[in-house]
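Side-chain atoms are counted along with the backbone in the values below, which use heavy atoms only and exclude waters and symmetry mates. Position 1 is the first residue of the sequence; numbering continues from there.
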Amino acid sequence: AFECGTSSTTLVSAARFFQHSRYRLIQNGCLADAAACGRVLLRSQVLQLQGNLKPLVEYELRTWLQQVESSSVMVGHSISQKLDGDIVDVAHGFATLVF
């Protein structure tokens, strides 16, 4: 059974959100031209959780290019929510893609 609000569910959900963000960058975003030359491989991925994702809560997902090399890109990710007027990261991480 899929239980919302647990650490293991949050880890899997965050990894899937981040994977989908990278997919969109590769398919029709700023990495589409680089990906057109062949395969794109995930070299590494690091995730850090500060809390659990909860259902029916509004989150903001951000993805950015953190470091660009000649044959690889490091992509940064974060999932944030607004608490008492402050923006707080629930999960963040990065992934290195090799072209």
Side-chain angles (χ1 to χ4, degrees):
F2 190 79
E3 297 181 27
C4 293
T6 65
S7 295
S8 61
T9 302
T10 297
L11 182 64
V12 170
S13 297
R16 287 183 180 165
F17 279 128
F18 295 163
Q19 180 183 15
H20 181 72
S21 294
R22 290 191 303 271
Y23 174 81
R24 291 192 57 166
L25 285 176
I26 292 167
Q27 292 301 311
N28 56 6
C30 61
L31 297 178
D33 290 341
C37 67
R39 295 186 306 180
V40 178
L41 304 173
L42 176 64
R43 179 188 297 166
S44 63
Q45 175 174 272
V46 175
L47 295 171
Q48 185 174 12
L49 303 176
Q50 272 72 36
N52 292 326
L53 296 176
K54 295 186 174 44
L56 305 175
V57 175
E58 186 174 322
Y59 294 99
E60 180 178 320
L61 175 64
R62 293 180 311 231
T63 299
W64 62 93
L65 299 180
Q66 190 163 325
Q67 183 176 349
V68 178
E69 301 291 335
S70 60
S71 62
S72 66
V73 171
M74 183 182 296
V75 180
H77 301 284
S78 72
I79 297 176
S80 305
Q81 73 180 114
K82 197 174 218 178
L83 291 175
D84 301 326
D86 293 328
I87 303 293
V88 178
D89 281 350
V90 177
H92 67 270
F94 65 88
T96 303
L97 303 173
V98 179
F99 301 99

- For residues 78-99, which residue pairs qualify under ring-ring contact (aromatic ring centres under 6.0 Å, His included), counting only residues two or more places apart or in two chains? none
- Please collect all ring-ring contact (aromatic ring centres under 6.0 Å, His included) contacts where either partner lies in residues 32-72, sequence neighbours excluded, each pair once. none
- Message: Assigning hydrophobic clusters by single linkage (Ile, Leu, Val, Met, Phe, Trp, Tyr; side-chain heavy-atom cutoff under 4.5 Å), is Phe17 placed with Val75?
- Response: no
Looking at [atom1] of [X] and [atom2] of [Y], how far apart are the two atoms once the value is rounded to the nearest 0.5 Å?
X: Gln67; Y: Met74; atom1: CD; atom2: CE; result: 5.0 Å
X: Leu11; Y: Ser13; atom1: CG; atom2: OG; result: 9.0 Å
X: Ser72; Y: Leu41; atom1: OG; atom2: CG; result: 11.5 Å
X: Gln50; Y: Ser80; atom1: CD; atom2: OG; result: 9.5 Å

- Query: Which salt bridge (Lys or Arg N to Asp or Glu O under 4.0 Å) pairs, counting each pair once, include a residue from residues 68-94, with sequence neighbours left out?
  - Reply: Arg62-Asp89
For the residue pair [X] and [Y], establish whether any side-chain heavy-atom pair is separated by less than 4.5 Å.
X: Leu49; Y: Val90; answer: no
X: Ser78; Y: Leu61; answer: no
X: Val40; Y: Val98; answer: no
X: Leu47; Y: Phe18; answer: yes

- Message: Could you work out, with side chain to side chain contact (heavy atoms under 4.5 Å, CB included) as the rule, every residue matching Leu83, not counting sequence neighbours?
- Response: Gln81, Val88
- Query: Any donor and acceptor pair, going by atom type alone, linking the side chain of Thr10 with main-chain N or O of Leu53 inside 3.5 Å?
  - Reply: yes
List the atom pairs, with distances to 0.1 Å, where a side-chain N or O of residues 22-35 and a protein N or O form a donor-acceptor pair under 3.5 Å, not counting sequence neighbours.
| from | atom 1 | to | atom 2 | distance (Å) |
| --- | --- | --- | --- | --- |
| Arg22 | NH1 | Gln45 | OE1 | 3.0 |
| Arg22 | NH1 | His77 | NE2 | 3.2 |
| Arg22 | NH2 | Gln45 | OE1 | 2.7 |

- Message: Let's go through Val73 and Leu65 carefully: what are the C-alpha distance in whole Å and the side-chain angles of both, what is the deciding distance for side-chain contact (heavy atoms from CB on, under 4.5 Å) to 0.1 Å, and is it a yes or a no?
- Response: CA-CA 7 Å; Val73 171; Leu65 299 180; 3.6 Å; yes
